[in-house]
Structure formats: structure tokens, C-alpha cells
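Notes to accompany the following structure.
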There are 2 protein chains.
Amino acid sequence: MNEIEVFKDHLRAAGLKDTVQRKVVLNTFLNTEKHVSVDDLYRLVNRAKRHVGYATVHRTMKLIAESGLAREVMFNDGVVRFDHCYGREHKHHHHLVCTQCKKVIEFSSQALDREEQRILSKHGFESVSHRYEIFGLCRECRQKANRK
Amino acid sequence: MNEIEVFKDHLRAAGLKDTVQRKVVLNTFLNTEKHVSVDDLYRLVNRAKRHVGYATVHRTMKLIAESGLAREVMFNDGVVRFDHCYGREHKHHHHLVCTQCKKVIEFSSQALDREEQRILSKHGFESVSHRYEIFGLCRECRQKANRK
DNA sequence: CTGAATGCAAACCCTTTGCAAGGAA
DNA sequence: TTCCTTGCAAAGGGTTTGCATTCAG
């Protein structure tokens with residue numbers, strides 16, 4: 001089942017309608033790389049396609065998140081962004097965020113996952129979601145900084 | 001050097017003044033447990049003491065963070081909170097956040113720190129700050145859920 | 001037809017700032 | 001006296017909502 005079918009199923013199951021705007025927002029989201037905000041999507045949608053309102057983009061992204069195709073993440077700027085997660089519900093991935101150039105590098109680590117398991121069971125905690133974000137300077141920005 | 005002296009030093013070094021309001025906010029913050037928001041502090045300050053404006057609480061917390069006594073953290077609700085960090089500048093600690101009862105459990109792990117180092121050097125990344133938050137159900141809330 | 005969706009504008013919520021009045025040094 | 005600080009109120013910046021209109025089913 002592909003992403004579009006997943007979303008249609010979600011709409012059907014909730015008794016919601018499959019509209020042009022929702023298709024456009026979903027397709028735009030699927031064509032993005034990681035971590036777009038509502039505002040990013042709003043611009044993208046309206047750059048190429050017919051006009052779709054900000055509120056509709058916002059509400060559609062909530063639906064897409066509910067359907068399991070995206071999840072909300074928030075870095076330190078207080079802006080909600082959407083991370084793709086279809087097909088990797090169980091693949092923990094985390095972020096290295098460059099505070100200089102705003103680049104986001106994803107990483108994952110089995111050692112980390114094992115350690116997380118250990119910590120969870122130690123505290124009797126059941127994980128629903130998690131995030132691990134490291135803020136700092138990426139290789140390129142460090143080099144630029146050193147050249148000065 | 002205790003927290004109050006650290007803060008006074010910071011003020012002096014920056015050519016700022018040591019006012020009643022700043023003392024009150026600092027003392028209130030020092031008397032809190034973890035993760036208070038500006039709003040929390042505003043209420044606390046004004047519950048017991050003479051009136052201090054919201055903006056002053058906000059600006060003072062920024063100063064306290066600059067002085068190294070607190071750091072800003074943001075969970076998934078978009079609200080800035082302040083974590084105590086005096087005396088543990090280099091002790092990485094992370095959070096287990098119960099989505100049910102809102103309790104926050106801190107944890108730290110050397111294995112995690114080692115793995116983080118490995119990841120950083122692999123990507124040539126220099127860390128400035130980081131956060132690791134696991135959202136889910138704490139032991140107590142899981143038990144409550146199971147009893148139903 | 002009928003209830004859901006859209007788009008606009010306004011409401012919200014928290015954070016941040018401008019400014020006149022007050023206060024530490 | 002000199003700036004810094006305060007408190008208020010208002011401005012910001014993003015998210016969310018109310019409502020009349022439009023549209024999918």
C-alpha cells in the first residue's frame with residue numbers, strides 16, 4: 001500500500017472527504033525532503049499549483065500526521081515541522097542540527113537503541129515517541145569558522 | 001561559589017544592576033523543581049511576593065540562562081521551560097516525559113554519552129547543546145492503564 | 001441534497017519589544 | 001546624575017478557529 005492509499009484509507013475510515021486540496025498538499029509533502037513546516041508547505045503548494053489556504057494546509061498536515069505518514073517535530077525555534085515516517089515507524093532516527101547553516105543530518109544507531117531499551121526498562125517506562133537532537137556546527141561550518 | 005554569587009557576578013560583568021525583582025525571580029527559580037516556564041515563575045513570584053511584571057520575569061530568566069544557572073528546553077508544546085543546570089554543566093541529562101501525568105524523569109548514561117561522541121566524530125559535528133526526550137507512559141500510569 | 005471542507009480573517013497563545021516613569025550606582 | 005530596569009501595553013510570529021460559502025459524495 002503506497003502513501004496515497006494510506007491517506008485515502010485514513011480519510012475513508014474517518015468519514016472525511018477526498019478533496020483536490022488534500023491531494024495537492026499530500027503530494028507536495030511527499031515530494032519534499034525532510035522537516036517542512038506548515039509555512040514551507042504553504043509556499044510550495046502555492047508556488048506550483050492552484051491556491052490553497054494556509055488553514056487548509058495546516059489542517060491537512062494534521063490529518064496526514066494522524067494517518068501515520070508524518071509526525072510532528074519541533075526544534076528549538078518553536079515551529080512545528082513534519083518529518084516523513086511512512087515505512088519507518090520503527091526505525092529510530094535522530095537529528096544533528098547545524099545552528100549555523102540550519103542543515104539537518106539524520107542519524108541512527110543500534111547502540112543508541114539498545115541503550116534506550118535499557119533505560120526504559122530500568123524506569124519501567126513505555127516509549128511512545130522520542131527524539132534526540134544535537135545542536136551545533138556541522139563539518140562545513142566548522143571549517144568556515146576556522147578559516148577566519 | 002553559590003548560585004546567587006554566580007548570578008551577581010554575571011550582572012557585574014555585564015554592567016547590569018542588582019535589583020529587587022531580579023533577586024526575587026532568581027530565588028523563586030532556585031526554589032523550584034525542574035522545568036518551569038516563564039508563566040509558572042510569574043505565578044509563583046506573584047503568589048508570595050510583591051508584584052513583578054511578566055516581562056521582567058521573562059528578561060530575568062534570559063539573564064539567568066546566560067549566567068549558566070539555567071538552560072532553555074522545549075518539549076512538544078512549544079513553551080520554553082528552564083532547566084536547572086548549575087554544577088552540572090557537563091553532566092548530560094535527558095528526559096523521560098510521561099504524556100499522561102506530565103511527570104518528567106531525568107536520566108543520564110555514560111554509554112549514551114560515549115555513543116554520542118562516536119556519532120559526532122563520525123559526522124565531523126561539533127555539539128553545542130543537545131536534548132534527548134522520550135515521550136510515553138511512566139510505570140505508574142502504565143499500571144493504572146492496565147488495571148482498567 | 002447534506003454534511004464536510006475551504007478560505008478568509010480574526011482569535012489565540014506565548015514571546016518579545018517600545019517607551020515613559022522609577023531606581024540603582 | 002546617569003543609565004539601566006521596570007511594568008504596561010502593544011506588537012510579533014506561529015497556530016488554531018468561526019463562519020459563510022463551496023463542494024464531494
Side-chain angles (χ1 to χ4, degrees), chain A residues 4 7-29 35-47 49-67 70-83 102, chain B residues 4 7-29 35-46 49-67 70-83:
Chain A
I4 294 176
F7 188 56
K8 283 194 178 173
D9 271 17
H10 179 72
L11 292 178
R12 214 172 293 131
L16 304 176
K17 290 170 183 173
D18 189 12
T19 65
V20 175
Q21 288 89 337
R22 286 178 179 165
K23 287 197 216 346
V24 170
V25 174
L26 176 60
N27 284 321
T28 306
F29 173 65
H35 319 120
V36 283
S37 65
V38 172
D39 197 66
D40 294 336
L41 280 166
Y42 174 71
R43 291 167 204 270
L44 286 170
V45 163
N46 289 292
R47 179 176 304 164
K49 320 265 179 167
R50 55 175 274 196
H51 178 75
V52 177
Y54 189 96
T56 301
V57 175
H58 166 258
R59 289 186 278 226
T60 303
M61 284 313 302
K62 289 276 178 198
L63 288 175
I64 291 174
E66 280 171 20
S67 78
R71 67 174 173 154
E72 300 188 2
V73 294
M74 199 187 285
F75 299 139
N76 266 336
D77 57 4
V79 177
V80 175
R81 290 163 196 286
F82 295 88
D83 203 1
K102 311 299 179 194
Chain B
I4 294 176
F7 188 57
K8 283 194 177 170
D9 271 16
H10 178 72
L11 293 178
R12 214 171 294 131
L16 304 177
K17 290 169 183 173
D18 189 12
T19 65
V20 176
Q21 288 90 334
R22 286 177 179 165
K23 286 198 215 349
V24 170
V25 174
L26 176 61
N27 284 321
T28 306
F29 173 65
H35 318 123
V36 284
S37 65
V38 172
D39 197 65
D40 294 336
L41 280 165
Y42 175 71
R43 291 167 203 272
L44 287 170
V45 163
N46 289 293
K49 319 267 180 165
R50 57 175 273 196
H51 180 75
V52 177
Y54 189 96
T56 301
V57 175
H58 167 257
R59 289 186 279 226
T60 304
M61 283 314 302
K62 290 276 177 198
L63 287 175
I64 292 174
E66 281 170 21
S67 77
R71 68 174 172 152
E72 299 188 2
V73 294
M74 198 187 285
F75 299 138
N76 266 335
D77 58 2
V79 177
V80 175
R81 289 162 196 287
F82 294 88
D83 202 2

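Residue numbering restarts at 1 for every chain, and letters A, B, ... go by the order of the sequence lines.
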| message | Could you check whether any side-chain heavy atom of A:Phe29 comes within less than 4.5 Å of a side-chain heavy atom of A:Ile64, counting everything from C-beta outward? | response | yes
| request: For A:Thr60 and for B:Val38, locate the closest nucleotide of DNA chain C by heavy-atom distance; then report the residue assigned to the nucleotide nearer the 5' terminus. | output: A:Thr60
| Can you list the residues that meet the ring-ring contact (aromatic ring centres under 6.0 Å, His included) rule with B:Phe7, with sequence neighbours excluded? | none
| Any side-chain heavy atom of B:Val52 sitting closer than 4.5 Å to one from B:Tyr42? | no
| B:Asn46 CG - D:dC8 C1' separation (whole Å) | 14 Å
| said: So, OP1 or OP2 of D:dT15: does either fall under 4.0 Å of a side-chain N or O from A:Lys62? | reply: no
| query | Taking five pairs at each end of the helix from C:dC1-D:dG25 to C:dA25-D:dT1, what angle separates the two helix axes (nearest 10°)? | reply | 30°
| said: Between A:Val80 and A:Met61, is there a side-chain heavy-atom distance shorter than 4.5 Å? | reply: no
| Atom CG of B:Leu11 to atom C1' of C:dA25: distance rounded to whole Å? | 13 Å
| Distance, nearest 0.5 Å, that separates CG of B:Leu11 from OG1 of B:Thr60 | 9.0 Å
| message | Quick one, A:Asn27 and A:Ile4 - any side-chain contact, counting heavy atoms below 4.5 Å? | response | yes
| field | side-chain N/O B:His58 vs C:dT16 OP1/OP2, d < 4.0 Å | value | yes
| request: Calculate the interatomic distance between B:His10 atom NE2 and D:dC4 atom P; express it in whole Å. | output: 15 Å
| said: Quick check on C:dC8: is either OP1 or OP2 less than 4.0 Å from any side-chain nitrogen or oxygen of A:His51? | reply: yes
| query | Considering residues at least two apart in sequence or located in another chain, which fulfil the side-chain hydrogen bond (donor to acceptor under 3.5 Å, both in side chains) criterion with A:Arg81? | reply | A:Asp77
| D:dT15, C:dT15, D:dT6: which one has an atom nearest the side-chain heavy atoms of B:Thr56? | D:dT6
| message | Just the rounded figure in Å: distance from C1' of D:dG12 to CG of A:Asp77. | response | 15 Å
| task | Round to a whole Å and report the spacing from OH of A:Tyr54 to C1' of C:dC8. | result | 14 Å
| field | Residue pairs passing the salt bridge (charged side-chain N to carboxylate O under 4.0 Å, His left out) test where at least one lies in residues 51-66 of chain A, sequence neighbours excluded | value | A:Lys62-A:Glu72
| request: Ignoring backbone atoms, establish whether A:Arg22 has a side-chain N or O less than 4.0 Å from OP1 or OP2 of C:dA4. | output: no
| query | How does each nucleotide of nucleotides 18-25 of chain D score, in 5' to 3' order, for protein heavy atoms under 4.0 Å: base (B), sugar-phosphate only (S), or none (-)? | reply | B-----BS
| message | Applying side chain to side chain contact (heavy atoms under 4.5 Å, CB included), can you list everything that pairs with B:Arg71, at least two apart in sequence or on another chain? | response | B:Val73, B:Asp83, B:Cys85, B:His93, B:His95
| Rounding to a whole Å, what distance do you find between B:Tyr42:OH and D:dA9:P? | 11 Å
| Tell me: CG of A:Leu41 to C1' of D:dT15, nearest whole Å? | 15 Å
| Length of the CE-P vector between A:Met61 and D:dG14, whole Å | 17 Å
